[in-house]
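What follows is a short report on a single structure.
All values derive from a computational prediction rather than experimental measurement.
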There are 2 protein chains.
Amino acid sequence: MQDEMVLSVEAAERNGLLEKIRRLVLGGDFPPGAVLPEAFLAQEFEVSRTPVREALKQLQNEGLVEIRPKVGTFVREPTRREIIELFQVKESLEGLAVSLLARRGATAELSALRLNLEDSEAAVLTNDSEAYARLVHEFHWTIVRGSDNLKLVEHYERLMNQLAYQRLVLRTVEHPGRLAASTREHRAVLEMIEHKDPFGAETAMRNHVHASSREALTDPVQSLRN
Amino acid sequence: MQDEMVLSVEAAERNGLLEKIRRLVLGGDFPPGAVLPEAFLAQEFEVSRTPVREALKQLQNEGLVEIRPKVGTFVREPTRREIIELFQVKESLEGLAVSLLARRGATAELSALRLNLEDSEAAVLTNDSEAYARLVHEFHWTIVRGSDNLKLVEHYERLMNQLAYQRLVLRTVEHPGRLAASTREHRAVLEMIEHKDPFGAETAMRNHVHASSREALTDPVQSLRN
DNA sequence: GACGCGCTTCTTGCATGCAACATAGGCTGT
DNA sequence: ACAGCCTATGTTGCATGCAAGAAGCGCGTC
């Protein structure tokens with residue numbers, strides 16, 4: 001199992017190209033709807049069109065780009081409805097993850113979460129949005145990885161890519177009061193884990209994700225108006 | 001949203017190849033571990049190696065095959081641990097689906113489920129394993145589609161492909177008494193949906209999936225011994 | 001007889017060329 | 001002036017050719 005992860009990482013680095021293009025799309029270097037010609041990417045990364053094509057097909061499968069046959073490849077932005085749907089799935093998967101983690105009582109992840117919470121509270125006090133966004137990301141990923149369920153991790157990763165999560169978080173994090181509320185919710189989750197209460201942890205986590213999704217969706221951003 | 005589904009279906013039929021190869025792998029025509037040369041598939045489906053390659057990469061991404069660079073492509077069978085992990089995710093996703101469906105109170109899906117249950121009980125009485133396997137499949141898919149959450153449907157489809165579910169169900173279905181128990185659990189789920197009780201429905205569904213996973217895993221099949 | 005080395009063969013990985021199609025812009029006819 | 005067509009161009013889709021690496025097999029040597 002561990003071997004597979006190493007292998008897949010190695011494979012990813014060998015390909016590399018997929019990750020590079022994905023970061024290009026997720027990073028917002030290209031505006032949504034922009035055309036993404038194979039020939040350009042091929043030249044950009046100094047490979048031929050063939051591996052670029054393969055990578056783009058994967059990205060289409062993930063829902064990040066749309067390949068219109070004989071027309072072109074376009075950066076795809078999730079619709080508002082898709083974001084709602086994805087958050088529902090996120091809630092479910094993270095609920096499962098934290099429930100499994102609470103059942104395991106894994107000490108390594110627990111201490112990581114405690115440290116994370118301390119840092120988060122410090123970031124709230126100094127109003128450091130950027131650091132907080134990073135810490136939130138880390139908190140959720142620590143829990144998912146802590147579930148010790150690789151398939152869950154894989155599906156979660158796919159989900160987060162589809163959500164283009166980074167872009168969303170960077171906005172919601174700037175809502176007044178949200179940082180403090182979010183941290184309180186994190187603390188509630190952590191306490192449930194410490195109490196080895198899988199059900200309570202799952203409930204707390206789902207409440208948290210639900211709250212965070214409402215924040216993300218009430219964000220009056222033009223690009224989410226479709 | 002509906003358009004996208006149509007588009008993706010059309011795209012799938014245009015490609016077709018991916019589905020064909022997937023069925024080949026899932027159908028068990030090739031034993032797990034068997035080599036699956038690009039050249040052979042290319043000749044078999046009368047296309048060149050390029051589209052075959054693209055399809056195989058997708059299947060690798062789904063976890064159905066393993067491409068060992070410069071060596072070959074092999075049919076991959078989920079390990080026992082992976083099956084456990086996948087069932088945990090399945091439990092979570094189907095729980096979400098049924099909860100959403102119960103909240104919607106969709107009448108079309110409800111009547112489909114009622115009919116399904118009647119047919120299932122008839123299949124139990126006549127001990128028609130094959131029909132029952134099909135009905136179970138239909139029951140779960142009706143619920144997932146009834147969630148009216150396309151992203152959930154997509155992730156679920158991916159999950160089921162990874163599980164090679166058909167192969168598993170055809171075995172567990174032959175456990176004595178399992179058919180009747182499974183049908184009772186289905187009825188419990190349906191009743192919760194009819195009562196518009198999302199939480200109760202989710203709980204019932206998760207119990208059902210959990211029970212079914214225990215059945216699948218206690219099945220003494222050689223191929224699951226790894 | 002056993003071990004080690006090299007070659008042969010099979011596989012994938014990638015580059016390139018050509019064909020098919022969609023789209024946009026201009027041109028012509030009314 | 002406007003509508004319709006037609007062509008030019010850009011894009012993807014696919015086939016093919018070649019290179020590189022891995023694994024198995026046979027041969028030679030100890």
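Separating the NZ atom of B:Lys70 from the P atom of D:dG24 is a distance of 18 Å, rounded to the nearest angstrom. Per the geometry, CD1 belonging to B:Ile67 stands 14 Å off C1' belonging to C:dC14, to the nearest Å. Counting to the nearest Å, the C1' atom of C:dG17 and the CD atom of A:Glu38 are 15 Å from each other. Straight-line distance from the CZ atom of A:Arg68 to the P atom of D:dT12: 12 Å, rounded to whole Å. In this structure, the CD atom of B:Gln60 is 13 Å from the C1' atom of C:dG13, given to the nearest Å. One atom, CZ of A:Arg53, and another, C1' of D:dC14, lie 8 Å apart when rounded to the nearest Å. In this structure, the CZ atom of A:Phe74 is 10 Å from the C1' atom of C:dT23, given to the nearest Å. B:Phe40 has its CZ atom 12 Å from the P atom of C:dT12, to the nearest Å.
Taking for each of A:Glu54 and A:Val71 the nucleotide of DNA chain C with the nearest heavy atom, the 5'-most of the two is the partner of A:Glu54.
For A:Glu44, the CD atom counts as densely surrounded, since its 6.0 Å shell holds more than 12 non-hydrogen atoms of other residues, nucleotides or ligands.
At the heavy-atom level, A:Leu56 lies nowhere under 4.0 Å from the strands shown.
Judged as a ring pair (Phe, Tyr, Trp, His ring centres under 6.0 Å), and not counting sequence neighbours, the contacts of A:Phe139 are A:His186. Remark: A:Ala39 pairs with no residue by the side-chain contact (heavy atoms from CB on, under 4.5 Å) rule, at least two apart or across chains. Residues satisfying the salt bridge (charged side-chain N to carboxylate O under 4.0 Å, His left out) test with B:Arg114, not counting sequence neighbours, are B:Glu194. Residues passing the salt bridge (charged side-chain N to carboxylate O under 4.0 Å, His left out) test with B:Glu54, sequence neighbours excluded: A:Arg53, A:Lys57.
Within the structure, every side-chain polar atom (N or O) of B:Thr73 is placed at least 4.0 Å from both OP1 and OP2 of C:dT11.
Applying a 4.0 Å cut-off to non-hydrogen atoms, the residues of residues 41-52 of chain B that approach DNA chain D are B:Val47, B:Ser48, B:Arg49, B:Thr50, B:Pro51, listed by residue number.
A donor-acceptor contact shorter than 3.5 Å is absent between the side chain of B:Glu109 and the backbone of B:Leu101. Not one N or O on the side chain of B:Arg22 forms a donor-acceptor pair closer than 3.5 Å with the backbone of B:Leu59.
Taken over five-pair windows at either terminus, the axes of the helix from C:dG1-D:dC30 to C:dT30-D:dA1 are inclined to one another by 10° (rounded to 10 degrees).
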Discussion item. Show, in sequence, the C-alpha distance, side-chain angles and deciding distance for B:His140 and B:Met205, and conclude whether the side-chain contact (heavy atoms from CB on, under 4.5 Å) test is met.
Written reply: CA-CA 10 Å; B:His140 286 244; B:Met205 192 70 182; 3.7 Å; yes

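Ion pairing between B:Glu85 and B:Arg81 holds under the 4.0 Å rule for side-chain N and carboxylate O.
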